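Predicted, not measured: the structure shown is a model, and the values here were computed from it. Just so you know, residue 1 is the first one in the sequence shown, and it goes up from there.
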Amino acid sequence: MDIEEVRDYCLTKRMATECFPFDEETLVFKVAGKIFACLSLRRPDLLILKCEPDYAIELRDRYWAIEPAFHFNKRHWNQHHLPHLDDALVRSLIDHSYAEVVRNLPRRLRSELGL
């Protein structure tokens, strides 16, 4: 997937928004104000996603193109080198990241958002 395909897919998620909260180069995708994905316009081949900690380790062991995310909590965040990963895998990892964020929202907020 390229950066445009990733952006389009992230925005298909219910209540997903995009913004540039850090700088003019880092595109961030959020649900209910919580980050689930980041793309660098300077490095469009790199996608940062949230991940369940044990699964994050498993992915890093299985794929050389997945590693701990720089400048993020390495227990919960991976960076993915997009040109070296299958599109279906990238979509499933975006789904997982989104689900991890939604799962950790307060029940009341999940209910209000219809998530």
Side-chain angles (χ1 to χ4, degrees):
M1 294 178 81
D2 65 26
I3 192 171
E4 286 296 323
E5 292 169 316
V6 168
R7 178 184 176 269
D8 291 344
Y9 190 72
C10 286
L11 291 174
T12 66
K13 301 295 174 196
R14 183 163 172 72
M15 306 297 289
T17 60
E18 64 181 337
C19 61
F20 290 90
F22 305 123
D23 54 39
E24 296 175 0
E25 298 172 355
T26 308
L27 179 58
V28 172
F29 298 92
K30 297 181 177 184
V31 59
K34 303 291 184 181
I35 298 172
F36 72 92
C38 295
L39 282 169
S40 171
L41 301 182
R42 182 177 284 178
R43 294 277 319 270
D45 62 322
L46 206 58
L47 171 64
I48 298 173
L49 297 170
K50 189 162 191 174
C51 194
E52 187 278 322
D54 291 335
Y55 187 44
I57 292 168
E58 179 184 324
L59 289 167
R60 294 171 196 163
D61 289 344
R62 186 180 306 164
Y63 301 99
W64 67 267
I66 299 176
E67 57 193 7
F70 192 65
H71 290 307
F72 284 78
N73 180 326
K74 287 153 184 45
R75 184 166 184 244
H76 296 278
W77 293 88
N78 281 341
Q79 60 188 25
H80 307 76
H81 297 272
L82 294 173
H84 307 289
L85 297 170
D86 180 72
D87 290 358
L89 174 63
V90 173
R91 279 189 214 89
S92 74
L93 295 173
I94 293 169
D95 294 344
H96 175 76
S97 180
Y98 178 86
E100 279 293 296
V101 172
V102 168
R103 182 176 64 82
N104 289 307
L105 293 174
R107 182 178 298 153
R108 186 180 113 291
L109 184 55
R110 286 193 316 261
S111 178
E112 287 175 11
L113 295 172
L115 299 171

Who pairs with Asp8 by salt bridge (Lys or Arg N to Asp or Glu O under 4.0 Å), at least two apart in sequence or on another chain?
none
So, do Arg110 and Val102 sit near enough that their side-chain heavy atoms are less than 4.5 Å apart?
yes
Do Ser92 and Asp95 pair up side chain to side chain, a donor and an acceptor below 3.5 Å, judged on atom types alone?
no
Can you find a heavy atom in the side chain of Glu100 that is under 4.5 Å from one in the side chain of Cys51?
no
What's the verdict on side-chain contact (heavy atoms from CB on, under 4.5 Å) for Val6 and Ile94, showing C-alpha distance, side-chain angles and the deciding distance?
CA-CA 9 Å; Val6 168; Ile94 293 169; 4.1 Å; yes
Side-chain heavy-atom pair Phe72, Cys38 within 4.5 angstrom cut-off
yes
In the structure I gave you, are the side-chain heavy atoms of Ile35 and Val101 within less than 4.5 Å of one another anywhere?
no
Determine whether Leu49 and Phe22 fall in the same hydrophobic cluster, where Ile, Leu, Val, Met, Phe, Trp and Tyr are linked whenever their side-chain heavy atoms lie under 4.5 Å apart.
no
Ion pair Glu25/Arg42, N-O distance below 4.0 Å
yes
Aromatic ring proximity His71/Trp77, centre distance under 6.0 Å:
no
Would you say the side-chain atoms of Asp45 pair up with the backbone N or O of Pro83, donor to acceptor, closer than 3.5 Å?
no
Measure up the Phe36 and Tyr98 rings against each other and bin them: parallel (under 30°), tilted (30 to 60°), perpendicular (over 60°).
perpendicular
Is it the case that over 12 heavy atoms from other parts of the model lie below 6.0 angstrom from the CZ atom of Arg107?
no
Are a donor atom and an acceptor atom from the side chains of Asn78 and Tyr55 found within less than 3.5 Å of each other?
no
Once ring-ring contact (aromatic ring centres under 6.0 Å, His included) is applied, do any residues pair with Phe20, and if so which ones, sequence neighbours excluded?
none
Hey, are the side chains of Asp54 and Glu52 touching, using non-hydrogen atoms and a 4.5 Å cut-off?
yes
Do Gln79 and Pro68 have side chains that get closer than 4.5 Å, going by heavy atoms?
no
If only atom types and distance count, is the side chain of Lys74 paired as donor or acceptor with the main-chain N or O of Ala69 below 3.5 Å?
yes
Will you find, in the side chains of Glu67 and His80, an N or O donor that is under 3.5 Å from an N or O acceptor?
no
Could you measure the distance from the CG atom of Leu82 to the CD1 atom of Ile3? Nearest 0.5 Å is fine.
8.5 Å
Keeping the roles fixed (side chain from Ser97, backbone from Lys50), state whether a donor-acceptor pair exists under 3.5 Å.
yes
Is any side-chain heavy atom of Tyr63 closer than 4.5 Å to a side-chain heavy atom of Leu85?
yes
Please examine the side chains of Tyr9 and Val90, heavy atoms only from C-beta on, and report whether any two atoms are closer than 4.5 Å.
no
In this structure, are over 12 heavy atoms from other groups packed under 6.0 Å from Arg75 atom CZ?
no
